[in-house]
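Each chain gets a letter, A, B and so on, in the order the sequences are listed, and its residues count up from 1.
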2 protein chains.
Amino acid sequence: MAMDQRHQSATTSAAVTLTKPLHCIVKLGGAAITLKNELETINEENLNIVSSQLRQAMISGPCCGMDWSRRPGSLEVPTVVDDFDDVESDSKKFIVVHGAGSFGHFQASKSGVHKGGLSRPLVKSGFVATRISVTSLNLEIVRALAKEGIPSIGMSPFSCGWSTCERNMAVADSSTVVQAIDAGFIPVLHGDAVLDSSQGCTILSGDVIIRHLAEELRPDYVVFLTDVFGVYDRPPTEPDAVLLREIAVREDGNWSVLKPILQDTTKQVEITVAAHDTTGGMVTKISEAAMIAKLGIDVYIVKAATEHSVRALQGQLKDNIPDDWLGTVIRLAR
Amino acid sequence: MAMDQRHQSATTSAAVTLTKPLHCIVKLGGAAITLKNELETINEENLNIVSSQLRQAMISGPCCGMDWSRRPGSLEVPTVVDDFDDVESDSKKFIVVHGAGSFGHFQASKSGVHKGGLSRPLVKSGFVATRISVTSLNLEIVRALAKEGIPSIGMSPFSCGWSTCERNMAVADSSTVVQAIDAGFIPVLHGDAVLDSSQGCTILSGDVIIRHLAEELRPDYVVFLTDVFGVYDRPPTEPDAVLLREIAVREDGNWSVLKPILQDTTKQVEITVAAHDTTGGMVTKISEAAMIAKLGIDVYIVKAATEHSVRALQGQLKDNIPDDWLGTVIRLAR
């Protein structure tokens with residue numbers, strides 16, 4: 001099956017190199033961290049578990065809370081640990097990118113931001129409203145990670161100066177992201193409304209951001225945390241849906257299912273696309289994941305806040321995928 | 001009186017030009033929009049009035065709310081005006097920069113972010129905590145402006161890739177800000193924790209950001225909205241404090257008070273410096289304002305949410321300062 005080849009390389013900075021190699025890029029899927037059918041509502045339980053799992057994967061050694069904000073409803077000054085252990089804990093280099101879920105989609109689809117046309121007041125207003133919504137989600141995710149002791153730094157693609165042309169990534173200098181990582185922080189990016197040089201504006205999805213960063217910064221592996229166990233051969237709500245355990249991508253970009261062995265190998269995998277997902281849902285995800293795998297970088301698509309996501313985040317799947325691990329591995333054909 | 005000359009020019013992009021000239025840069029002082037003695041509390045009344053005054057100064061023609069978020073406590077989907085008047089309203093080019101007030105200062109001073117040393121866990125945590133606090137204020141200000149129909153776009157200096165060297169602005173490419181303005185948006189920047197190439201990190205104040213943007217983008221005038229009527233000859237809480245109406249800055253950087261005529265002209269002006277203001281308070285403000293005035297750009301320091309701030313924002317003081325206007329004008333000696 002040929003994957004989408006329309007993407008071109010974005011203009012990037014000449015020399016972007018990390019001091020230490022990037023360990024992992026993690027996508028926090030919108031469906032996993034928000035309640036998709038309740039406008040602007042975070043899935044607090046999942047987000048807390050995900051934050052804790054990320055901390056375990058990133059940091060060995062002591063760490064303490066980094067969100068010193070006043071708690072809503074409280075007038076008390078927050079307690080800050082004064083006797084910080086002045087030994088830097090050993091931490092792995094990660095980038096977190098999150099989707100929008102029930103944040104931003106309503107605003108974007110109501111106004112058609114992805115179709116462009118900033119001179120129209122509805123589109124311009126929708127652009128502003130979309131950015132307010134996605135940046136408020138970004139702030140809450142940065143907070144949740146910081147509470148766990150992860151040195152998270154919110155970075156909006158729009159503010160980073162990233163933009164598109166004909167809805168494809170065009171300018172995306174990752175040097176600011178690299179500087180943040182080198183300084184010991186965990187950048188937290190997100191799908192965002194951005195300027196587009198051909199149509200005025202569009203939506204840049206978190207999945208496209210991940211592919212771009214993976215191309216530039218070559219992490220050891222990439223993890224997509226979602227609300228289902230992985231990629232299925234048909235919508236996972238259907239009774240006979242089969243979880244695809246391993247997908248191999250060839251150098252020419254074609255890909256095939258290695259595990260399980262499907263009865264009808266010529267059959268096109270049916271893919272769920274949520275109606276209000278303005279950035280393409282599963283189609284985009286598999287296409288982007290396959291392009292990352294083509295670089296020789298393993299991609300794990302796994303259900304968030306499960307024992308399976310822990311193992312994926314900790315990099316336990318690199319050489320061997322255990323039979324009791326539920327998820328989809330997409331990697332270069334060996 | 002000689003002003004601070006230590007600032008060097010920052011590295012900037014080669015060619016940053018606006019399609020239309022920049023009308024005004026506005027500073028929303030932290031003391032004016034937050035309750036300075038209550039941790040992380042916005043001065044809602046002032047912020048609403050300021051937003052409304054800004055709208056009047058920026059936009060002529062119809063406009064409608066651009067914050068389509070769910071209201072806290074409400075489960076209802078927000079109402080979006082569907083029959084948007086598809087005629088772009090005529091609007092002036094503005095940039096808004098805000099301070100931190102009771103947001104960020106606690107976190108920054110508790111950890112000493114301005115003194116650097118990111119390898120220390122306390123400083124690193126404080127950096128993360130400071131950014132969470134100032135970006136949450138930024139989001140609330142962007143929301144308040146958007147509710148008024150101002151197409152506001154939050155842009156964090158850190159995410160824009162701005163950084164310092166020896167606490168002076170070093171890298172500050174304003175091309176992303178320019179693109180946002182050219183696309184019809186009002187960028188909303190803020191004092192931020194940033195990386196510093198000599199000491200690891202520091203605080204970049206809103207006042208320094210304004211001077212930099214004024215140098216690069218040459219607005220017609222700059223307005224500082226504060227919580228007092230302007231600059232006084234001593235702390236304004238003292239009974240005999242005199243409001244300085246007009247300060248003239250000469251080409252050599254020296255400045256003097258033109259109005260009122262002070263009895264002792266050699267007397268150094270005493271200046272209020274709030275104890276917890278890690279970015280320098282009034283000293284920085286006058287120094288930065290004088291450097292802007294030296295460029296031939298009028299600076300108005302005025303009390304927020306008053307009839308005097310309306311007149312300053314609308315540019316009514318350009319040629320003539322009426323006697324009934326309360327505030328401080330700082331401009332190039334004529």
Side-chain angles (χ1 to χ4, degrees), chain A residues 38-41 63-70 75 77-78 80-81 84-89 106-107 110-111 118-122 124-129 131-133 135-136 139 142-143 146 149 151-156 158-161 163 173 175-176 179-180 183-185 195 200-201, chain B residues 38-41 63-70 75 77-78 80 82 84-89 106-107 110-111 118-122 124-129 131-133 135-136 139 142-143 146 149 151-156 158-161 163 173 175-176 179-180 183-185 195 200-201:
Chain A
E38 286 182 40
L39 184 68
E40 297 190 338
T41 308
C63 60
C64 34
M66 299 186 181
D67 177 13
W68 302 349
S69 299
R70 188 166 65 85
L75 288 173
V77 170
V80 174
V81 184
F84 263 73
D85 190 354
D86 238 359
V87 179
E88 200 178 12
S89 56
F106 163 76
Q107 290 86 348
K110 190 88 184 176
S111 56
L118 268 181
S119 61
R120 295 184 55 211
L122 176 65
K124 194 180 193 179
S125 299
F127 190 97
V128 170
R131 292 211 75 244
I132 288 174
S133 191
T135 54
S136 70
L139 181 60
V142 167
R143 269 190 207 283
S152 52
I153 293 283
M155 300 182 73
S156 283
F158 182 96
S159 303
C160 290
S163 62
D173 182 349
S175 58
T176 306
Q179 281 155 18
F185 296 110
L195 301 180
C201 66
Chain B
E38 285 183 40
L39 185 69
E40 298 191 336
T41 308
C63 60
C64 35
M66 298 185 182
D67 177 13
W68 301 349
S69 299
R70 188 164 67 83
L75 288 173
V77 171
V80 175
D82 268 323
F84 263 72
D85 189 354
D86 239 357
V87 180
E88 198 176 11
S89 55
F106 163 76
Q107 290 86 349
K110 190 89 185 174
S111 57
L118 268 180
S119 61
R120 295 184 56 210
L122 176 64
K124 194 181 197 178
S125 299
F127 191 97
V128 169
R131 293 211 75 243
I132 288 174
S133 191
T135 55
S136 70
L139 181 60
V142 167
R143 269 190 207 284
S152 52
I153 293 283
M155 300 182 72
S156 281
F158 182 96
S159 304
C160 290
S163 62
D173 182 350
S175 58
T176 305
Q179 281 155 20
F185 296 111
L195 301 181
C201 65

Just give me the residue among T176(A), T135(A), V142(A) that pairs up with chain B most often, heavy atom to heavy atom, under 4.5 Å. T176(A)
Which atoms of S136(A) are under 4.5 Å from chain B, going by heavy atoms: the side chain, the backbone, both sets, or neither? both
I'd like to know if the side chain of R131(B) reaches the main chain of G154(A), judged simply by a donor and an acceptor atom lying under 3.5 Å from each other, with no hydrogens or angles considered. yes
Main chain of G184(B), side chain of K124(A): is a donor-acceptor contact present, judged purely on distance under 3.5 Å? yes
S133(A): what forms a side-chain hydrogen bond (donor to acceptor under 3.5 Å, both in side chains) with it, not counting sequence neighbours? E40(A)
Checking the side chain of R143(B) only, and the main-chain atoms of I132(A) only, is there a donor and an acceptor separated by less than 3.5 Å? no
I'd like to check the side-chain contact (heavy atoms from CB on, under 4.5 Å) partners of A129(A); sequence neighbours left out, ordered by chain and number. Q107(A), W68(B)
Based on non-hydrogen pairs under 4.5 Å, which of A146(B), P151(B), S163(B) is most in contact with chain A? P151(B)
Which heavy atom of S156(A) sits nearest a heavy atom of S159(B), and at what distance? N-OG, 4.0 Å
Nearest heavy-atom contact between L195(B) and A180(A) is CD1-N, 4.4 Å
Are M66(B) and F127(A) packed together at the side-chain level, in the sense that at least one heavy-atom pair is separated by less than 4.5 angstrom? no
